[in-house]
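Scroll down for the structure; my scribbles are underneath it.
Atoms considered below: every heavy atom in the structure, side chains included; atoms not considered: hydrogens, waters and symmetry mates.
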Amino acid sequence: MRVAIIAGLMTVGLLAGCGGAEEVDETVSPEEQGQVHQGVTRWECVSDCDIKWMQCVYGGGGTPKPTCDSYKAFCISQCPP
């Protein structure tokens, strides 16, 4: 009996804490694919690319450094001028 009550309360708490189930409309038009969010400065974008490069090189998975370098170059090419 106690297990059922505790399980029910935990479920309600998790749903309330996580915001419950909500629908997310993530449709992206072809023009928006590969584009950076508007309002991001070049410095912020390049900084994000550097962070992603560090995660690629030093993170798990054993991705070769040249692959990470090409990902970084592509990321920077997508930054605003």
### Task
Spell out, as yes or no, whether a donor-acceptor pair under 3.5 Å connects the side chain of S77 to the backbone of F74.
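Yes, S77 side chain to F74 backbone: donor-acceptor pair under 3.5 Å.
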### Task
Taking R42 for its side chain and P80 for its backbone only, find out whether a donor-acceptor pair lies under 3.5 Å.
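Side chain of R42 to backbone of P80: a pair is present.
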### Task
Please report the shortest heavy-atom distance between V40 and C45, naming the atom on each side.
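Of all heavy-atom pairs spanning V40 and C45, the closest is CG1-N, 3.9 Å.
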### Message
Show me the pairs that pass salt bridge (charged side-chain N to carboxylate O under 4.0 Å, His left out) and involve residues 47-58, at least two apart or across chains.
### Response
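The answer is D50-K72.
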### Task
Using only the SG atoms, establish whether C79 and C49 come within less than 2.5 Å of one another.
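Disulfide absent: SG-SG distance not under 2.5 Å.
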### Message
Checking one residue: V57. Which other hydrophobic residues are in its cluster under the side-chain 4.5 Å linking rule?
### Response
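Under the 4.5 Å side-chain rule, V57 groups with W53, M54, Y58.
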